A.B. asks: 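Below are the structure tokens for one structure; questions will follow.
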Amino acid sequence: MNIKTENKGEVLVIKGNRNLKGKLYVSGAKNAALPNMAASILTDEYLILENVPDLLDTNTMLKLLNDIGIKSIYQDNRLLLKFENQPNLSASYDYVSKMRASILVLGPMLTRFGYARVALPGGCAIGSRPVDLHLKALQKMGAQITLKEGDIIAKAPNGLKGTKITFEKITVTGTENIMMAAVLAKGKTIIKNAAKEPEVSDLANLLIKMGAKIEGAGSDTIVIEGVKSLGKARHAVIPDRIEAGTFAVLSALCGEGITIENYPFEYLECFNETLNNIGVDIVKIGKNTAFIKKAKNLKPASIETKEYPYFPTDLQAQIMVLLSFASGTSKIKENIFENRFMHADELNRLGANIKVDSKNNIAVIKGVQKLEGAKVKATDLRASAAMVIAGLAAEGTTEIEDIYHLYRGYEYIDEKLKNIGAELEKRIKGQ
Ligand code: EPZ
């Protein structure tokens, strides 16, 4: 991985173009690669992960793992990870402030070495993003947790012990952290109200290959029998359902016929049904290949984001762009994060007609005939993807500031879009 750094001065300039055609492919899932990479802390033997996307976030995780003492070789999306040095059981604020998923090293470090010092993640654009549920669950497993100078200091000198954990809220990385803590704990851990996302199941599959005893991943109850140690494994990261859904919305608005390879239909059932109801025809032309053309008449919809397997919050900004062109009034209720409608104001700058009721976390979208290019801002990862779609669907030129968010989660996205005819270029702000 050519260790990338985010360039906060970059602007992406996009020419509106609704006649894109050709082939897109979906890369490995960011939100599966990150916990899978953290699992390398659990063993002295090597992990070989295939289909690891080359992203800002996976780069950040890799730098963090290197600092912890794990050597890595990354080539053509294949990542080899192996503990080679004395472990440095800490994750500084530099990493955690860049990427909240750094919290995923806490469970593995604590269960294997009995100690971890991880910076407390701050909030981010979409919400306060606490980790209280992670910490409460680790305490229940016997960890002593204190906060000092903004860091979580976690100790378990006699190791962690299995117990029953019931999450009062469904948390994806919370489930992943506790699953990784439990695989080396003494005895059995039962996680109730577990997250059912495919990325949780993918991590469980990797851990099982390493020798862990896990049942029920993908359901709301996961049972883990602690083992003494874990060994080596080779594992391919699942495709990114959120990138796939992002491409589906792009194709429905701008495509003269776009083929999407590695489209994980089985992880997108609710999303696909929603698109069908809006009037988008997703043609399955192979086990994991979708073909989508620009929809003629888009119907309004009423959507609620919920935990998997329902409509994913990470596709909420993207579907808002699609509904901006529907013939009627749509509604989106955001149930997962308290502040995930910032893209609405940016879309309104392009001529959309969206009103946000922030008290009830509802956006009302009145369809418009067209959007017109303008200067806008990307506010977070998925909002930046929505702005790119909007810029391509708009007439004229759109300039997106703070575009660095996009490169956190979409591998080689500029090249992928240029391959289907998109005209975009990066500029330094003000030039
Ligand atoms: C994961 O974040 C994903 N990130 C997010 O994707 C995704 O939006 C989110 O799950 C929901 O699906 C990764 O997997 C790396 P949560 P996570 O814990 O685990 C509250 C993207 O764009 N909560 O499931 O941090 C929390 O505030 C990113 O790729 C607590 O209150 O989300 C939220 O309201 C954005 N206390 C809700 O639960 C806790 O201890 C769900 O959060 C933990 C969470």
Side-chain angles (χ1 to χ4, degrees), residues 27-39 53 55-58 60-61 64 95-96 98-107 118 120-140 145 152 165-181 191 193-203 220 237-238 240-246 267 270-271 304-318 334-340 342-343 361 378-386 405-411:
S27 300
K30 167 179 82 78
N31 291 348
L34 294 172
N36 286 357
M37 289 167 74
L55 305 165
L56 274 180
D57 276 8
T58 47
T60 302
M61 180 61 87
L64 170 52
Y95 292 112
V96 177
K98 254 200 195 73
M99 184 187 65
R100 311 174 31 69
S102 309
I103 193 74
L104 285 165
V105 303
L106 175 60
V118 177
L120 194 62
C124 75
I126 62 178
S128 63
R129 310 291 298 275
V131 289
D132 57 312
L133 302 179
H134 300 233
L135 302 183
K136 257 188 237 167
L138 289 171
Q139 281 172 318
K140 225 181 149 200
I145 299 207
I152 300 159
I165 305 278
T166 302
F167 280 118
E168 56 204 73
K169 268 179 111 167
I170 294 173
T171 161
V172 174
T173 49
T175 301
E176 291 164 346
N177 233 336
I178 298 311
M179 195 158 64
M180 288 193 280
I191 304 175
N193 203 25
K196 297 184 267 193
E197 273 69 1
E199 294 76 27
V200 173
S201 301
D202 194 47
L203 172 63
D220 63 5
V237 173
I238 56 171
D240 193 320
R241 62 194 167 96
I242 305 302
E243 183 187 25
T246 304
Y267 302 149
C270 177
F271 171 80
E304 288 221 22
T305 65
K306 281 204 191 89
E307 295 87 357
Y308 193 85
Y310 301 106
F311 194 95
T313 177
D314 291 350
L315 284 169
Q316 180 257 100
Q318 297 90 320
E334 171 57 57
N335 289 309
I336 306 293
F337 291 112
E338 65 267 29
N339 185 32
R340 201 172 198 175
M342 287 162 298
H343 41 280
N361 239 357
T379 49
D380 63 84
L381 167 57
R382 304 305 172 182
S384 59
H405 291 287
L406 183 68
Y407 302 101
R408 293 190 48 192
Y410 289 90
E411 184 184 52

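Heavy atoms only: backbone and side chains are in, while hydrogens, waters and symmetry mates are out. Fair warning: this is a prediction, and the values are worked out from it, not measured in the lab. Atoms within each ligand, like the ligands themselves, are counted from 1 in listed order.
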A.B. asks: Hey, which residues fall under 4.0 Å of ligand 1 on heavy atoms?
C.D. replies: K30, N31, A101, R129, P130, V131, D132, L133, H134, K169, I170, T171, V172, T173, T313, D314, I336, F337, R340, L381, R382
A.B. asks: Can you tell which of E307, E304, K306 makes a side-chain hydrogen bond (donor to acceptor under 3.5 Å, both in side chains) with N335?
C.D. replies: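 Of the listed residues E307, E304, K306, the side-chain hydrogen bond (donor to acceptor under 3.5 Å, both in side chains) partner of N335 is E304.
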A.B. asks: What pairs with K169 under side-chain contact (heavy atoms from CB on, under 4.5 Å), at least two apart in sequence or on another chain?
C.D. replies: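 Listed in chain order: L133.
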A.B. asks: Can you tell if the side chain of I152 reaches within under 4.5 Å of the side chain of I145, non-hydrogen atoms only?
C.D. replies: yes
A.B. asks: Got a second to check how far D380's CG is from I126's CD1, nearest 0.5 Å?
C.D. replies: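 Nearest 0.5 Å value for the CG-CD1 distance: 5.5 Å.
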A.B. asks: Between D57 and R100, is there a salt bridge with N-O shorter than 4.0 Å?
C.D. replies: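 No, no charged N to carboxylate O under 4.0 Å.
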A.B. asks: Does the distance from a Lys or Arg side-chain N to an Asp or Glu carboxylate O, for R241 and E199, drop under 4.0 Å?
C.D. replies: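 Result for this pair is yes, salt bridge flagged.
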